[in-house]
Number of protein chains: 2
Amino acid sequence: MLENIQELIDQYIDLSFSVHRKGESLIRDQIGSDLTNDQHYILRYISQTESCTSSELAEEFDVKKSAITAIINRMWEKGLIQRTRDEKDRRVVYLTLTEKGNQLYVNCEERIYKLVESFIKKFDPKEIKQFLETYKKLNQILIESKDYKVEE
Amino acid sequence: MLENIQELIDQYIDLSFSVHRKGESLIRDQIGSDLTNDQHYILRYISQTESCTSSELAEEFDVKKSAITAIINRMWEKGLIQRTRDEKDRRVVYLTLTEKGNQLYVNCEERIYKLVESFIKKFDPKEIKQFLETYKKLNQILIESKDYKVEE
DNA sequence: GTTTAATTGTTCAACTCATTAACTATTAAC
DNA sequence: GTTAATAGTTAATGAGTTGAACAATTAAAC
């Protein structure tokens with residue numbers, strides 16, 4: 001039963017990172033980090049993949065590579081991210097978290113977990129579970145129809 | 001039955017304007033408007049209230065008034081918005097849509113309706129209805145706990 | 001093997017949106 | 001009538017975005 005709730009919380013966090021409430025700066029305001037939301041998304045992605053590239057991030061977040069370069073630069077200046085050139089293919093640069101970056105990430109995730117837990121618990125587990133399932137389906141449909149254009 | 005689906009579509013559009021999928025620029029890409037999402041939100045709000053003020057918009061979208069001034073300026077330059085000073089209280093400026101602004105709004109809404117309809121129809125009406133209800137409750141909880149901060 | 005094409009990532013200029021702080025103009029309060 | 005508060009703007013600054021041009025490197029064509 002307990003791990004059931006934990007799973008719901010994890011699923012919600014996953015969703016709330018693909019969805020973004022307008023006018024809400026959860027990371028800065030409620031979690032008390034000086035990262036922007038976008039910077040936290042990237043911190044999170046790098047942490048989970050251990051190591052990734054700019055192209056991969058651009059693909060994942062559906063923005064141009066130059067946008068990723070700008071964000072990574074700011075995070076690099078804060079000492080959160082390391083850049084390592086691939087020895088075989090010297091075009092690619094691997095991005096990894098520094099110790100400082102990892103500590104910040106772990107600390108934030110802990111707080112995010114507590115925050116999400118606090119309002120997930122206000123729902124009947126069945127209701128929130130059904131909600132998340134529909135949400136995932138909807139998200140998938142939105143992704144699939146991303147290039148569909150409405151005619152006149 | 002038919003108005004049931006229409007209602008669901010309306011509710012979804014309302015929600016999707018308070019929620020904002022990251023990396024998705026629905027208005028520009030799928031609807032084919034040259035407005036940004038933020039500009040469309042404001043177009044929409046002014047249309048629905050007939051007339052409003054900068055302060056009201058700042059309150060509604062939870063940003064500072066200077067941010068609203070910047071957006072309104074851009075929309076004013078495009079000829080979408082009119083500014084009218086109140087004759088009694090000459091500090092306040094009423095914002096209304098021009099004919100051009102209103103035409104653009106109506107045109108966009110029509111396309112948005114079609115787009116949302118196309119994927120709402122992929123769900124069982126019961127499922128999407130339940131989804132929207134939970135979403136509204138969740139949204140309310142998020143708004144209420146906006147000032148809650150997670151402790152160390 | 002040399003030329004051509006594709007890929008990875010950066011830099012730069014221009015845009016939108018956000019905040020903070022200082023400011024004008026006007027109205028309200030005492 | 002002086003002081004407070006309110007409505008809105010302006011200016012400086014920063015983050016994130018795009019598009020275009022670029023360098024460096026690798027892959028493909030021949």
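Sequence lines set the chain letters: A, B, ... in the order given, protein chains first and strands last, and positions in each chain run from 1. What you see is a predicted model, and the numbers here were worked out from it, not measured in a lab.
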| message | If you assign Lys88(A) and Ile71(A) each to the DNA chain D nucleotide with the nearest heavy atom, which residue ends up on the more 5' nucleotide? | response | Ile71(A)
| query | With both distances under 3.5 Å as the test, what is the Watson-Crick or G-U wobble partner of dT27(C)? | reply | none
| said: In whole Å, I'd like the distance from the CD1 atom of Ile42(B) to the C1' atom of dA18(C). | reply: 13 Å
| message | Whole angstroms only, please: what is the OH-P distance between Tyr41(A) and dG16(D)? | response | 11 Å
| said: Tell me the interatomic distance from Glu87(B), atom CD, to dT26(C), atom C1', rounded to whole angstroms. | reply: 13 Å
| said: Below the 4.0 Å mark, does dT8(C) have OP1 or OP2 next to a side-chain nitrogen or oxygen of Arg90(A)? | reply: no
| request: Please state how far atom CH2 in Trp76(A) lies from atom P in dT10(C), giving the value in whole angstrom units. | output: 11 Å
| said: Nearest whole Å is fine: how far is dT11(C) C1' from Arg74(A) CZ? | reply: 14 Å
| message | Tell me if a side-chain donor or acceptor on Ser145(B) pairs with a main-chain N or O of Tyr148(B) at a distance below 3.5 Å. | response | no
| Contact check, side chains of Ile72(B) and Ile81(B), non-hydrogen atoms, under 4.5 Å | yes
| field | Side-chain H-bond candidate by donor/acceptor type, Ser55(A) with Glu59(A), under 3.5 Å | value | no
| note | Letter by letter from the 5' end, nucleotides 3-10 of chain D scores (B base, S sugar-phosphate only, - none; protein heavy atoms under 4.0 Å) --BBBBBB
| said: Distance check needed: dC17(C) P versus Asp38(A) CG, whole Å only. | reply: 15 Å
| Is dA5(D) in the syn or the anti form, by the rule that syn lies within 90° of 0? | anti
| query | What about Phe131(A) and Tyr135(A), are their ring centers closer than 6.0 Å? | reply | yes
| task | Please go through Trp76(B)'s hydrophobic cluster and name the other residues, only I, L, V, M, F, W, Y counting, with side-chain heavy atoms under 4.5 Å joining them. | result | none
| Separation of Asp34(B) atom CG from dT16(C) atom P, in whole Å? | 10 Å
| Interatomic distance where NZ belongs to Lys64(A) and C1' belongs to dA21(D) [whole Å] | 16 Å
| Just by distance, do the side chain of Lys137(A) and the backbone of Leu132(A) share a donor-acceptor pair under 3.5 Å? | no
| query | Do Thr98(A) and Gln82(A) have a side chain donor and acceptor closer than 3.5 Å? | reply | no
| request: Both distances under 3.5 Å, Watson-Crick or G-U wobble: report the partner of dT4(C), or none. | output: dA27(D)
